Amino acid sequence: MLDAKYFREELQQTAERLKTRGYTLDVEAIAALESKRKTLQVRTEELQSERNSRSKAIGQAKAKGEDIQPLLDAVGDLGSQLETAKAELNTLQAELQQIIQGVPNLPDTSVPVGRDESENQEISRFGEPRQFDFEVKDHVDVAAALGNGLDFESGAKLTGARFVVMKGQIARLNRALTQFMLDLHTEQHGYSETAVPYIVNHDTLFGTGQLPKFGEDLFHVEGESQDKIALSLIPTAEVPLTNLARDEILDEQALPVKLTAHTPCFRSEAGSHGRDTRGLIRQHQFDKVELVQLVKPEDSMDALEALTAHAEKVLQLLELPYRKVQLCTGDMGFGACKTYDLEVWLPAQDAYREISSCSNMGDFQARRMQARFRRQGAKKPELLHTLNGSGLAVGRTLVAVLENYQQADGSVVVPAVLRPYMGGLDVIRG
RNA sequence: GGAGAGAUGGCAGAGUCCGGUUGAAUGCACCUGACUUGAAAUCAGGCGUGGGUUCAUACCCACCGGGGGUUCGAAUCCCUCUCUCUCCGCCA
């Protein structure tokens, strides 16, 4: 969420910056609502103030044993006036809230302006796509040749489309990847391993920005009744990890907070019907190792570079070719002010595909969830900056390993760094 | 699942029965100043969060787990939800 004060005072400028990410703000309508709000709020608070002083006077009179009836009569219809004003103000503020809660973050000034992903900028490449002297199979066929290690039929039977059952060495490889990533980030990159709930409440989802706008992307847990608290499955560990700071004021010395967690991620993929229907690329459930940092504002841009490098390190150690892309203004996510995507080379698709997205959210999420810190000796707490990135999406990493490490005889070489996690196994055979 | 107790500021802990000048006593922690060569101790003062009006100073509003209600007035009364603790039952 943007700062409400800044939003209304620099409305025109805000609108212009939002335009670069393809978001149009109805400046005139908002300005009109805003001026109404101002009048109404001042009026309402005046009424409240008057009610308070009259009530106080009644209390004092009563304490002195005076007759309070005249005072009670003098109150008149103040109560009903207040009630009307309050109701009107509430409606108006709800309207303004809804608008500002739906406004995406402002892109950092360093972000290239562009309409969509075609205008993203490649920053760097690592590794050379391997030359194959045989016909490359995609990961689905590679796994099939290894004894039905990716069983989509069973996934469909047990649950439905976009679910999979992993078996044997493939299942183990999935686990090995997860373990390897967690060990790397905790032992080499200074993150604290964290185990979090996979089901969260709606305050939590509001905090990171999934709600109220993107509820259709989530799986919701059916509540028992309307009053009971509504819960949803997490679409990423970013949600529980970042919300650990919700409604907290951290000590300056506690920063930066660096957290990592392995969780399954659940996404409804509403609006992706027909896309990536084959294989593991787009599942309703997949494993991911997430990186989250909570930092001081002046540190967040450096932290983004570092966090992205931590995710890159996974690909480098796995010796998977990838490229680093900076998203343009039009392609960034709702809460991000700057984002790098990492795209891994998939030989069967002859293309680079997203395997990690690392974003600096600035104070956007922190404001929504009142996640703050206090500088030493300072009176006022300040909003934190929050960052997150995949380090990495395990399912897609599995795809990349299967495709890039396949051999002519149908076997798959186990990347060297994973062998300790595979009981020393160096090749997976059918 | 059954029975009971509770939720107050960074922490501890009054106030809640009997509603009123209580944004909230007191202690600890913390900050500033005095004393001191320095520190400790002592003394004096300060010390919650969010929002609004304002160039500013300042003033005002809201908040005692969340939401709703009663009332001129609610931390205090009523309803409801959530969470925590104790006991019983069940269970990985």
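Here is the naming used below: chain letters follow the sequence lines, and residue numbers restart at 1 for every chain. Given the structure is predicted, the values throughout are model-derived calculations rather than measurements.
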In whole angstroms, how far is the [atom2] atom of [N] from the [atom1] atom of [X]?
| X | N | atom1 | atom2 | value |
| --- | --- | --- | --- | --- |
| A/Asp203 | B/rC83 | CG | P | 13 Å |
| A/Glu252 | B/rC30 | CD | P | 17 Å |
| A/Ile58 | B/rA74 | CD1 | C1' | 15 Å |
| A/Asp3 | B/rG50 | CG | C1' | 12 Å |
| A/Glu83 | B/rC72 | CD | C1' | 13 Å |
| A/Gln60 | B/rG19 | CD | P | 18 Å |
| A/Asp247 | B/rC63 | CG | P | 17 Å |
| A/Met1 | B/rG51 | CE | P | 9 Å |

Derivation and outcome, side chain to side chain contact (heavy atoms under 4.5 Å, CB included), residues A/Asp217 and A/Arg267: CA-CA 6 Å; A/Asp217 295 334; A/Arg267 298 187 182 179; over 6 Å; no
Quick one: label [X] by what it contacts on the DNA or RNA (base, sugar-phosphate, nothing), any heavy atom closer than 4.0 Å.
| X | result |
| --- | --- |
| A/Arg43 | nothing |
| A/Arg374 | sugar-phosphate |
| A/Ala63 | base |
| A/Lys62 | base |
| A/Lys86 | nothing |

Any strand is fair game: report the nucleotide pairing with [N] by Watson-Crick or G-U wobble, both distances under 3.5 Å, or none.
| N | result |
| --- | --- |
| B/rU42 | B/rA34 |
| B/rA14 | none |
| B/rC59 | B/rG52 |
| B/rC87 | B/rG2 |
| B/rU82 | B/rA7 |

Option from A/Lys324, A/Glu305, A/Glu312 for which side-chain hydrogen bond (donor to acceptor under 3.5 Å, both in side chains) with A/Tyr340 holds: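 The passing option is A/Glu305.
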side-chain hydrogen bond (donor to acceptor under 3.5 Å, both in side chains), paired with A/Gln97, selected from A/Glu95, A/Gln93, A/Gln101: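 For A/Gln97, the side-chain hydrogen bond (donor to acceptor under 3.5 Å, both in side chains) test succeeds with only one of A/Glu95, A/Gln93, A/Gln101, which is A/Gln101.
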Residue from A/Leu304, A/Thr109, A/Leu387 passing side-chain contact (heavy atoms from CB on, under 4.5 Å) with A/Lys338: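 The side-chain contact (heavy atoms from CB on, under 4.5 Å) with A/Lys338 is passed solely by A/Leu304 among A/Leu304, A/Thr109, A/Leu387.
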Identified side-chain contact (heavy atoms from CB on, under 4.5 Å) counterpart of A/Leu244 within the set A/Val292, A/Thr204, A/Leu259: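 Of all the options given, the one that passes is A/Leu259.
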For atom [atom1], what is the distance between [N] and [M], given to the nearest Å?
| N | M | atom1 | value |
| --- | --- | --- | --- |
| B/rG9 | B/rA62 | C1' | 16 Å |
| B/rG13 | B/rU70 | C1' | 30 Å |
| B/rU54 | B/rA74 | C1' | 32 Å |
| B/rU82 | B/rC30 | C1' | 33 Å |
| B/rA14 | B/rC28 | C1' | 15 Å |
| B/rG6 | B/rU76 | P | 15 Å |
| B/rC85 | B/rG65 | C1' | 15 Å |
| B/rG15 | B/rG23 | C1' | 13 Å |

Residue pair A/Leu11 / A/Glu34, side-chain heavy-atom distance below 4.5 Å: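 They are not in side-chain contact.
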With the criterion being N/O to N/O and under 3.5 Å, what pairs connect the protein with nucleotides 52-61 of chain B, and how long is each?
unit_1, atom_1, unit_2, atom_2, d
B/rG52, OP1, A/Arg8, NH1, 3.2
B/rG52, OP1, A/Arg8, NH2, 2.3
B/rG52, O4', A/Gln41, NE2, 3.2
B/rG52, O3', A/Arg37, NH2, 2.8
B/rU53, OP1, A/Arg37, NH2, 3.4
B/rC60, O3', A/Ser49, OG, 3.2
B/rC61, OP1, A/Ser49, OG, 3.4
B/rC61, OP1, A/Asn52, ND2, 3.3
B/rC61, O2', A/Gln48, OE1, 2.9

Check: A/Arg43/A/Gln81 side-chain N/O donor and acceptor closer than 3.5 Å: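 The criterion, which ignores hydrogens and geometry beyond distance, is satisfied for A/Gln81 and A/Arg43.
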Pair A/Arg162 + A/Glu269, salt bridge at N-O below 4.0 Å: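 Looking at A/Arg162 and A/Glu269, the cut-off is not met.
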Charged N-O contact under 4.0 Å between A/Arg396 and A/Asp276: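 Judged by the 4.0 Å cut-off on N to carboxylate O distance, A/Arg396 and A/Asp276 do not form a salt bridge.
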First of A/Gly59 and A/Val75 reached from the 5' end of RNA chain B, by closest nucleotide: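 Checking each residue's closest nucleotide, the 5'-ward one belongs to A/Gly59.
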